[in-house]
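Below is one structure, written out as C-alpha cells, with a few remarks after it.
Start at 1 and go down the list; that is how both ligands and their atoms are numbered. These figures come from a predicted structure and were not determined experimentally.
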Amino acid sequence: MSQNVFQFIDVQRVDPPKKPLKIRKIQFVEIYESFNQAQVGMQADRCLDCGNPYCEWKCPVHNYIPNWLKLANEGRILEAVELSHQTNSLPEVCGRVCPQDRLCEGACTLNDRFGAVTIGNIEKYITDKAFEMGWRPDLSKVVKTDKRVAVIGAGPAGLACADVLARNGVSAVVFDKYPEIGGLLTFGIPSFKLEKEVMQRRREIFEGMGIEFRLETEVGKDVTFADLLGEFDAVFLGVGTYKYMKGGFENETAPGVYDALPYLISNANRLLGFEKAQADYIDFAGKQVVVLGGGDTAMDCVRTAIRQGADKVICAYRRDADNMPGSKREVKNAHEEGVEFMFNLQPIGVELDAHGRTCGIKVVSTELSAPDANGRRNPVVIEGSEQVLAADAVVMAFGFQPNPQPWMAQYGIELDSRERIKASEKADYAFQTSNPKVFAGGDAVRGSDLVVTAIYEGRKAAEGIMDYLAV
Ligand code: FAD
Ligand code: SF4
C-alpha cells in the first residue's frame with residue numbers, strides 16, 4: 001500500500017465510466033468500461049486495511065478483500081487471482097453483478113462519509129486481467145480420486161460445487177437442460193450487466209479443469225434420477241427456482257401479457273443463436289410496454305425493452321421509490337436510459353381490445369401503511385382511484401418460487417413448507433438432504449436470492465460431499 005495514510009481523502013471513490021447513452025440504449029453490451037491498472041492502483045490504495053475487515057464478513061463467500069486489494073495495487077495480478085479463487089468460483093461474475101452496496105461495499109469503513117472502496121470493480125479487473133495474461137487454474141498437483149459426482153444444474157450453485165470437487169480430485173459431471181452453462185447468469189441476467197462471453201470463457205476454463213458438461217439434458221426426462229443415483233457416488237441439486245409468481249388479476253393470461261423470465265430468456269436465446277423459431281422471440285420494438293414490479297428482474301425487463309426499441313417503457317410499482325426492493329444502481333441506470341417510473345400503482349386487470357389483445361393495464365393508486373412488525377410499509381388501495389395505462393405489452397416481474405421436481409419425493413428428498421429443498425450448512429455433512437447421497441444448494445434451498453449466495457452454498461456442499469465420501 002502507499003505511504004499516504006490519507007489516500008482515502010486525497011483520492012475520491014471513482015466508479016468506472018459508463019458507455020455513452022446512444023450505445024447503451026441500442027446495444028446488449030456491458031455498460032461499464034473496465035478500470036485500467038493505474039485506476040485500480042489508485043482505488044485499491046484507498047483501502048484502510050482496517051484489521052477487522054467488515055467487508056470480508058459481509059461478503060457471503062468471505063473473500064480476502066484487503067489482501068487482494070493490496071496485491072492488485074502492487075500489480076501482482078497472478079497472486080491476486082489465485083487468492084480470490086480460494087474463496088470464490090466466479091469472481092469475475094460477482095464483481096459485475098453482486099449488489100455491492102448491500103454487501104462488501106456497504107460494510108466498508110469508508111462507506112459513511114468518504115465513499116466505499118470500489119471492491120466489485122477491482123475483483124472483476126483482477127480476474128479479467130489474469131485471463132488476458134493467460135492465467136489458468138493449475139491443477140497439476142491435484143491427486144485424482146476414484147469418486148464421481150453428478151451435479152444437476154449448471155447455474156452458479158452447481159458450477160461452484162463442480163469447481164471445488166474438481167480442485168480436490170473428484171470427477172464432476174454437470175447436467176443441464178439448457179444448451180449453455182450459467183443458469184440465470186446466461187439466460188436471466190441480461191448482457192448489459194453480464195456479457196455472454198464471460199460465461200463462455202468460464203466454460204472453457206472449467207472444461208480445461210476436467211469438468212464434464214452434459215447440456216440439453218433434463219434430469220427426469222432425458223436421463224432418470226435413478227440412473228444418476230446408480231452411476232455416481234453422490235448427487236448435487238442446484239436446480240434453482242422457476243415457478244413464476246402471478247398477480248392474480250383479470251386477464252393476466254391474455255395475449256400480450258408476459259412473465260418476466262420467458263421474456264428475458266427469449267432475448268438471451270436470440271443473442272446466443274439458440275432461437276429455435278422466429279416466433280419464440282418476444283419483440284417489443286415499437287411497442288408501449290408496462291413492466292409491473294420494482295425489483296431487479298423488473299429493471300432487467302425495462303432495460304431490455306429499451307434496447308429492443310420499444311416506443312415507451314413504464315415501470316409501475318405499488319410502493320414508492322424509497323421502498324423499491326431493487327438495487328438503487330440499476331434503478332438509476334434505467335432512469336438514464338429513458339424508463340418512466342410510476343409509483344404507488346397496483347394492477348387490477350388487463351384491458352383487451354376487440355380482438356382480445358392487450359391494450360392497457362388498469363391500476364389503482366395506493367398509499368403506504370405504517371410499518372408492520374417487519375418494518376415493511378404495505379400498499380393500501382385508495383378507493384375510486386382507477387385509471388388505465390395504455391400498453392400493448394405487459395410484463396409481470398413479481399418474483400419466483402421453488403418448483404420441486406416430481407422425482408424428488410420419490411427419492412425421499414424432503415421439502416419445507418415453502419417447497420424449498422431441506423438442506424443445511426449445519427448438518428453433519430454440509431447441505432446433505434434427507435436422502436444421504438443427495439446434497440443441494442442455491443436458490444432451490446434458500447428461495448430466490450443472489451449469485452454469490454448460490455456460489456457459497458455450492459462450494460460448502462462440495463465440502464459436505466467430500467466429507468461424506470471420505471476423500
Ligand atoms: P439457477 O441459476 O437458476 O440455475 C439452475 C439451473 O438448473 C438452470 O440452468 C436450469 O436449467 C437447471 N435445471 C433445473 N432443473 C433441471 C433438471 N431437471 N435437469 C437439468 N437441469 C436442470 N443475482 C445477483 O446476485 N445479481 C443480479 O444482478 C441478479 N440478477 C438477476 C436477474 C434475473 C432476471 C433473475 C431471474 C435473477 C437474478 N439474480 C441476480 C439472482 C441469481 O441469478 C440467482 O440467485 C442465481 O442464479 C441462483 O443460482 P442457482 O445455481 O441456485 O440457480
Ligand atoms: Fe463484494 Fe460480491 Fe465480491 Fe463478495 S463476491 S467481495 S460481496 S462483489
Side-chain angles (χ1 to χ4, degrees), residues 55-56 58-65 68-69 84 87-88 90-108 116-124 151-161 174-190 193-194 214-223 225 228 236-242 244 260-261 263-265 268 295-301 304 326-327 329-330 397 399-400 402-408 440-458:
C55 57
E56 271 189 30
K58 198 68 197 215
C59 165
V61 290
H62 306 307
N63 275 334
Y64 302 126
I65 299 167
W68 48 242
L69 286 176
S84 99
T87 49
N88 195 349
L90 300 168
E92 76 283 26
V93 174
C94 292
R96 286 169 163 88
V97 304
C98 271
Q100 285 99 8
D101 53 343
R102 286 197 269 137
L103 300 174
C104 52
E105 294 180 12
C108 174
V117 176
T118 47
I119 297 168
N121 277 298
I122 296 176
E123 185 178 26
K124 166 186 164 218
V151 173
I152 309 181
L159 294 176
C161 181
V174 184
F175 296 82
D176 203 295
K177 59 185 177 192
Y178 286 142
E180 184 52 277
I181 72 163
L184 290 174
L185 301 180
T186 299
F187 294 96
I189 300 179
K193 282 159 65 180
L194 176 66
R214 296 196 195 158
L215 302 177
E216 294 190 271
T217 308
E218 181 170 348
V219 176
K221 189 170 146 223
D222 304 309
V223 54
F225 191 65
L228 300 190
F236 174 76
L237 304 176
V239 291
T241 51
Y242 285 87
Y244 315 129
L261 197 55
Y263 169 56
L264 295 173
I265 291 175
D296 286 336
T297 302
M299 292 313 108
D300 290 344
C301 291
T304 298
S327 143
R329 174 181 68 189
E330 301 309 327
F400 307 93
N403 55 322
Q405 322 230 351
W407 37 264
M408 289 180 179
D443 280 3
V445 168
R446 313 171 62 85
S448 291
D449 197 27
L450 294 174
V451 173
V452 65
T453 49
I455 291 174
Y456 177 77
E457 294 197 349

- [ ] Give the residue and atom name of whichever protein heavy atom lies nearest to atom 6 (S) of ligand 2, and the separation in Å to one decimal.
- [x] Asn63 ND2, 3.4 Å

- [ ] Please report which non-hydrogen protein atom sits nearest to atom 28 (O) of ligand 1, along with the residue it belongs to and the distance in Å to one decimal place.
- [x] Lys193 NZ, 3.0 Å

Open item on the list: Tell me the protein heavy atom at minimum distance from atom 3 (Fe) of ligand 2, and give that distance in Å.
Closed with: Glu123 OE1, 2.2 Å

- [ ] Measure up the Phe400 and Tyr244 rings against each other and bin them: parallel (under 30°), tilted (30 to 60°), perpendicular (over 60°).
- [x] perpendicular

Task: Closest protein heavy atom (residue, atom, distance) for atom 1 (Fe) of ligand 2 - done: Cys104 SG, 2.3 Å

- [ ] Tell me which protein heavy atom sits closest to atom 49 (O) of ligand 1, plus the residue, atom name and distance to 0.1 Å.
- [x] Pro156 CG, 3.2 Å

- [ ] Please write down residue, atom name and distance for the protein heavy atom closest to atom 44 (C) of ligand 1.
- [x] Asp443 OD2, 3.3 Å

Task: Mode of Glu330 contact toward ligand 1 - side chain, backbone, both, neither (heavy atoms, under 4.0 Å) - done: neither

Task: Which segment of Thr217 sits under 4.0 Å of ligand 1 when only heavy atoms are counted - done: backbone

Open item on the list: Side chain, backbone, both or neither: which applies to Tyr242 and ligand 1 if a contact is any heavy-atom pair less than 4.0 Å apart?
Closed with: side chain

Task: Nearest-option assignment for atom 33 (C) of ligand 1, heavy atoms, candidates Val93, Thr297, Ile152, Leu261 - done: Thr297

Open item on the list: What's the separation between atom CZ in Phe187 and atom CG in Asp176, rounded to the nearest 0.5 Å?
Closed with: 8.0 Å

- [ ] Considering only non-hydrogen protein atoms, determine which one is nearest to atom 2 (Fe) of ligand 2 and report residue, atom name and distance to 0.1 Å.
- [x] Cys98 SG, 2.5 Å

Task: Nearest-option assignment for atom 2 (O) of ligand 1, heavy atoms, candidates Val97, Val151, Leu184 - done: Leu184

- [ ] Indicate the atoms forming the closest heavy-atom contact of Gly240 with Asn403, along with that distance.
- [x] O-OD1, 3.8 Å

TODO: Measure across Asp222 and Glu216 and return the closest heavy-atom pair with its distance rounded to 0.1 Å.
DONE: OD2-O, 3.7 Å

Task: Residue, atom name and distance, where the atom is the protein heavy atom closest to atom 11 (O) of ligand 1 - done: Asp176 OD1, 2.7 Å

Open item on the list: Give the atom numbers and elements of ligand 2 that come within less than 4.0 Å of a heavy atom of Leu103.
Closed with: 7 (S)

Open item on the list: With respect to atom 4 (Fe) of ligand 2, please indicate if Cys59 possesses an N, O or S atom at a distance under 2.8 Å.
Closed with: yes

Open item on the list: Using only atom types and a distance under 3.5 Å, with no angle test, would you say the side chain of Thr217 pairs donor to acceptor with the backbone of Lys177?
Closed with: no

Open item on the list: So if I count the atoms of ligand 1 from 1 in the order they appear, which ones are less than 4.0 Å from some heavy atom of Gly183?
Closed with: 2 (O), 4 (O), 8 (C), 9 (O)

Task: Gly240: numbered ligand 1 atoms lying under 4.0 Å from its heavy atoms - done: 3 (O), 5 (C), 53 (O)

Open item on the list: For atom 51 (O) of ligand 1, what's the nearest protein heavy-atom neighbour? Residue, atom name and distance, please.
Closed with: Ala157 N, 3.0 Å

- [ ] If you have a sec, work out which protein heavy atom is nearest atom 34 (C) of ligand 1 and how many Å separate them, to one decimal?
- [x] Leu264 CD1, 3.4 Å

TODO: Specify the protein heavy atom at minimum distance from atom 32 (C) of ligand 1: its residue, its atom name, and the distance to 0.1 Å.
DONE: Asp300 OD2, 3.0 Å

- [ ] Go through the steps to decide whether Asn88 and Ser84 satisfy the test side chain to side chain donor-acceptor pair (under 3.5 Å), and finish with yes or no.
- [x] CA-CA 6 Å; Asn88 195 349; Ser84 99; over 6 Å; no

Task: Atoms of ligand 1 close to Gly238 [distance to a heavy atom under 4.0 angstrom, numbered from 1] - done: 5 (C), 6 (C), 7 (O)

Task: Heavy atom of the protein closest to atom 14 (C) of ligand 1 (residue, atom name, distance) - done: Val239 O, 3.4 Å

Task: ligand 1 versus Ala454: contacting region, heavy-atom distance under 4.0 Å - done: side chain

- [ ] Quick one: pull up CE in Met408 and CZ in Phe225 and give me the separation to the nearest 0.5 Å.
- [x] 7.5 Å

Task: Atoms in ligand 1 flagged as close to Phe400, the criterion being non-hydrogen separation under 4.0 Å - done: 36 (C)

